[in-house]
Protein chains: 2
Amino acid sequence: MSDSWIERFPELAALPPQDRAFLTERAAKVALPAGTTVFAPGVAAESFLLILAGTVRVQQVSPGGREIVLYRVTGGETCIMTTSCLLADENYAADGVTETDVEAVAIPKAAFEEAIAQSPGFRRLVFTDYSRRISDLMHVVEEVAFERLDKRLAQRLLARADNSTVVRVTHQDLATDLGSAREVVGRLLKELERRGWVALSRGAIELRNPDQIKALAEGS
Amino acid sequence: MSDSWIERFPELAALPPQDRAFLTERAAKVALPAGTTVFAPGVAAESFLLILAGTVRVQQVSPGGREIVLYRVTGGETCIMTTSCLLADENYAADGVTETDVEAVAIPKAAFEEAIAQSPGFRRLVFTDYSRRISDLMHVVEEVAFERLDKRLAQRLLARADNSTVVRVTHQDLATDLGSAREVVGRLLKELERRGWVALSRGAIELRNPDQIKALAEGS
DNA sequence: GGTGGTCTGTGACTTAGTCACGTTCCCGTG
DNA sequence: CACGGGAACGTGACTAAGTCACAGACCACC
C-alpha cells in the first residue's frame, strides 16, 4: 500500500524507514460512508484505526433515549476505543458513528502490538491520543456539571458555525451535542432569537450577532 | 529497595526477573499523609506513581467553588495523570488529593520510559489503567448527564457504607462526590429521613433501611 | 462559659428536564 | 396536483435541580 497516508501523522512520519515500511505494509485503507457504526457496546474491535479524513462521533445513549457526544475523532487522530479493546480487552459503554464519509487506515492487532513493542514513535502517538481523550472527557464532565446551558449552547453554535454565519443543524443535534433535551434547546434558541442574536428556520440557524453570542459563550 | 511491593501488581509480579529487578532498583517508596495534593493543574509530574495503599481522589473544581470527584485511585492502581504528564507532556485541569494516608512507589521518568520500552507487562499495566480511567470518566458523564440525583445519592451512600450501617460523611462531601450542591444533598437526605430510610446526625448518616436505599439506587 | 469554625436548615427564586401533546414544513407517490 | 407521512419545531404544565442569602446548631478549645 502507498505510504502517503503516513504523512498525516507527524509522529509516524518521523519514524525510521524500517518502521514506516512495517506499518505501511500491513495497513489497509478503508472507506466508511457517513452514518456507519464503527463500534458499539459489546462489540470487540479487531484492528487499530487511524482516521485520515472525516469525523467519527463518540457518544453515549441513555436508557431514556437521551444522548451526549463525548468527543469527535477527526483526521490525524486515532480511535482509542478500538485501541483499548486491543490493549486491555475492555468494552466501553459508548458507540462511535461516522458523521461524514470517513477514510481510515486499519492496522491488524498483531501488527499493532508489534509496532507498540518496537517503535517509540508509535507508542508516543498512541499515548498522546489517550491523553487527549482523557482531557476531552474531563472537559465534558466539567461542562455538564458546572456550566450553564445557554453558555454551552453558544459555544456549540460558534464551533459548528466555523466562521460561516449560517449553521445547518437541528435542535435535536444540538441537544445531543450538549447532552440535553430538544425542547430545552429550542426554548433557549427562541430566547436568543427574541434578543435578535440569531434567526431560526427549519434545520438552520443564522448567527445575526456573533459578537453577543461570543460574549455569552465566554462569559462567566 | 525491597521488591515485596511488586506483588501488589499482578502484571508486574509476572515479569521476568530482570525486569522486576530493574523496577525495584529504581523505585522509591514514598509516604503521603492524608490531605496531600499529589498533583494540580499546571504542575508537571516528574515520576510515575504506583499506589500501594490508601486512596487518592481526583477531582475538578469549578470557578464557582463547586467540585466533582472524577475517580479514585486505590491500592494496586497507577496514577494516569502523572503518567500522562510523563508520556504526553499534557497538563490536566484536575487535581489529586490523598483521602487517607497513602503509601506509593515512585519510578523516575527515565526508568519509566525504559520500562515502557522494554517490558510488555509494564506496558500492559499502564494501558490497562488508562482504559480503566477512561471507562470511569465515561461513567461519570453518563451519571451526571442522565441519572437522577436521588438515585446517585443512594448509590454513593451504599458505596461509602461498605457493609457498615453508619456512614461518616458530611453533606458537603457527598455533594462533592456527586458534583452537586450541599443544600440539594441536604434536602434529598431530609426526604430520605422523612421516609424513615436513614437517620441524620452531624457528620454521620445511619442507614435504617438499606433495602429501600438499594432499590432506589438500582431503580430505573 | 464565651467564641470561632464547621455543619446543617430554610425559603424564595432561577434554571433545566419531562411529558404529552399540537403544529408546520418538506418531499415523494399516486 | 393533492395528500399523506415523517421529520422538525412549539407549547404548557409540571417536576427536579441549583442558587443565594441567610439563620441556627453543634463542637472544640481557650
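Sequence lines set the chain letters: A, B, ... in the order given, protein chains first and strands last, and positions in each chain run from 1.
Between B/Arg187 and C/dT10 there is no side-chain polar atom (N or O) within less than 4.0 angstrom of OP1 or OP2. Applying the 4.0 Å criterion to OP1 and OP2 of C/dT18, one finds that A/Arg66 has a side-chain N or O inside that range. Here A/Ser180 does not reach the OP1 or OP2 of C/dA16: none of its side-chain N or O atoms lies under 4.0 Å away. In terms of phosphate contacts, B/His171 brings a side-chain nitrogen or oxygen within less than 4.0 Å of OP1 or OP2 of C/dG9. For A/Thr170, no side-chain nitrogen or oxygen approaches OP1 or OP2 of D/dA7 to under 4.0 Å.
Atom P of nucleotide D/dG10 and atom CD of A/Gln172 are separated by 13 Å, given to the nearest angstrom. At whole-Å resolution of the value, CG in B/Leu174 and C1' in D/dG18 are 17 Å apart. Taking atom CZ of A/Arg194 as the reference point, atom C1' of D/dG10 lies 17 Å away to the nearest angstrom.
The main-chain N or O of B/Thr55 is never found under 3.5 Å from a side-chain atom of B/Thr74 such that the two would form a donor-acceptor pair. In this structure, B/Thr165 contributes its side chain and B/Leu207 its backbone to a donor-acceptor pair below 3.5 Å.
Judged as a salt bridge (charged side-chain N to carboxylate O under 4.0 Å, His left out), the pairs with a partner in residues 204-220 of chain A (not counting sequence neighbours) are, in order, A/Glu206-A/Arg208.
B/Arg182 comes within 4.0 angstrom of a nucleotide base, judged by non-hydrogen atoms across all strands.
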Applying salt bridge (Lys or Arg N to Asp or Glu O under 4.0 Å) to A/Asp177 and A/Arg72, what does each step give before you reach the verdict? CA-CA 10 Å; A/Asp177 268 10; A/Arg72 290 180 165 82; 2.8 Å; yes
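Salt-bridge check for B/Glu99 with B/Arg57: passed, with a basic side-chain N closer than 4.0 Å to an acidic carboxylate O.
A donor-acceptor contact under 3.5 Å is formed by the side chain of A/Glu183 with the base of C/dC19.
Residues A/Gly186 and A/Ala145 both approach DNA chain D. Their nearest nucleotides, taken by heavy-atom distance, put A/Gly186 toward the 5′ side.
The stretch residues 197-216 of chain A touches DNA chain D through A/Ser201, A/Arg202, A/Gly203, each having a heavy atom within less than 4.0 Å of the strand.
For the pair B/Arg195 and B/Trp197, the cation sits on the ring face: its NZ or CZ lies under 6.0 Å from the ring centre, inside 45° of the axis.
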